[in-house]
Amino acid sequence: MIEVLAPGPYATVQDLGRRGYAHLGVPGSGAADAGSLRLANRLVGNPEEAAGIELTYGGARLVFRSGAWVAVTGAPCPLTSRGAASGMRVPFWVPAGGEVRFGAPPRGLRTYLAVRGGIAVEPVLGSRSTDSLSGLGPEPLRAGTVLPVGAVGAAEPISVDLAPARSPGPAVLRVLPGPRDDWFAPGALADLCARPYEVSQDSNRVGVRLRGRELARAREGELPSEGMVTGAVQVPPSGQPIVFLADHPPTGGYPVIGVVATADLSIAAQLCPGDEVRFTTRPAR
Amino acid sequence: MIRTAGEHALLVETGALEVSHRLDAVLRARGLEGVVEIVPGPETVLVVAPGADQPRLRARLGELLAEAREPAPGTPSRPAPKDVVTIPVVYDGADLDSVAALAGLSVAEVIARHTGRELVVGWLGFAPGFAYLTGLDPALHLPRLDTPRTSVPAGSVAVAGPYSAVYPSASPGGWRLLGRTSVRVWDTGADPPSPFRPGTRVRFEPA
């Protein structure tokens, strides 16, 4: 069991989300930066899809009622276990009664904690993820929340000492044009890629809202509601793009000018309000 | 036309809701490899298939779309009538009188027109289990409320534009409330969690 002493600004349980229910109006949900959750799980010998904790701006304090192996990935934040500094991307043992404290990440937004055995809250529609849009899944963490930890029997041996950190480059998101790029004025894609956009305060697990050059439409009117994918760059009438993250609505009526490459979704999920981000239509190297 | 929606999804333009429903049904029946989500919309079906061979999937979807556009004679476009979901409604909604006034009908006529036609689930969206029911009597086509309610109770039966719906859970909402049903249309403990899916036939009846 893990007891939450403080959740920080916003913290939830996340796995890799709900699959197969989008046609019933259910968002996919799951870790916004799925790559970081997968890595944290691998470090403690879990299956990649095990549920962990997603912190926003760090700031959490957790006390472990029984000892457990844990690993922390994603936005790097100052980390202490029983008062001693601990490292990111390295598995470490927290003894029974031990407290893990997270500071605020100097860069990046979302930090992940995986625990060997996984967080074992009751799944809803096949997932333990909190869906911030629809309210499915467990409540966001608060002081006093107690989280059960699963049996470690199924876990693989811990075999990695440290996963190397990739140096954070400038935030560039590769986009594949479409499906509705023809709803925009000629040159709108070039406009999207011409200058950086600024990440707005209204960003959350549903999407990263951006401020910058307006993208002009070639067609007026509404698009009949259609299925949306994670990474979709949707453009509402304001002309200011939104990049959809894990909790995006499964259908929408604003045209999507392009879709962010899956490999770059982790970058999108780590953008903080005020950050600058660029788009490019150049394919992956 | 089949459009690209990122690396892992294709958006098939069907042009019509009935074609979307037929393509959805055939895709679910065939169980194409790698497909994890099939999301029908009024004029499209989104097919999400991470790791699938995209050119092959695109070609296959093209063939299935042609089939869905011109179904073989005798192919039912929708499930048989025995699959009609009946929703008993207590017609005491907060907007029943104003709907009658706006439609120029008596309350009894509003109820008769709401129960008088079989509706079809077009697609689901807005919230888990929220089905847009198509085929509503045109006399009941009214705009949404100017000011949405901050909370509409689960089970509320409502109309807006050309659609009717049953609120699956309590939520804010701008639809006009005709009544309520005790039928649970969203239950995450049930399998499936909703009696509705795209193409489901629905009939309202006075409780």
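Below, all heavy atoms of this structure are taken into account, side chains as well, without hydrogens, waters or symmetry copies. So you know, we letter chains A, B, ... as the sequences are listed, proteins then strands, and number each from 1. Nothing here was measured: the structure is a model prediction, and the numbers come from that model.
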Heavy-atom side-chain contact between Y167(B) and P153(B) under 4.5 Å: no
Exceeds 12 heavy-atom contacts within 6.0 angstrom, atom CD of E63(B): yes
Sub-4.5 Å side-chain heavy-atom contact between V121(B) and R197(B): no
Interface moiety of V124(A) toward chain B, non-hydrogen atoms closer than 4.5 Å: side chain
Selection from P42(B), G41(B), S169(B), A131(B) maximising heavy-atom pairs under 4.5 Å formed with chain A: P42(B)
Side chain / backbone / both / neither for L136(A) at chain B, heavy atoms under 4.5 Å: side chain
Part of E37(B) within contact of chain A (heavy atom distance under 4.5 Å): side chain
Contact class of F196(B) relative to chain A, heavy atoms under 4.5 angstrom: backbone
Region of L11(B) that comes under 4.5 Å of a non-hydrogen atom in chain A: side chain
Structural part of A127(B) lying under 4.5 Å from a heavy atom of chain A: backbone
Y21(A) side chain reached by P193(B) side chain, heavy atoms, under 4.5 Å: yes
Atom CZ of R195(A) with >12 non-hydrogen neighbours under 6.0 angstrom: no
Heavy-atom pair count under 4.5 Å with chain B, highest-scoring of D181(A), L133(A), D182(A): D182(A)
Side chain, backbone, both or neither of V260(A) within contact of chain B (heavy atoms, under 4.5 Å): backbone
Greatest number of heavy atom pairs closer than 4.5 Å to chain B - which of P249(A), G135(A), G20(A), G258(A): G20(A)
Heavy-atom contact with chain A under 4.5 Å, split by part of L46(B): side chain
Residue part contacting chain B, namely of P250(A), when any heavy atom lies under 4.5 Å: backbone
Spacing of CD belonging to E118(B) relative to OG1 belonging to T86(B), to within rounding of 0.5 Å: 9.0 Å
L223(A) side chain reached by Y254(A) side chain, heavy atoms, under 4.5 Å: no
Proximal component of T251(A), with respect to chain B [non-hydrogen, under 4.5 Å]: side chain
pair V12(B)-T44(B): side-chain heavy atoms closer than 4.5 Å: no
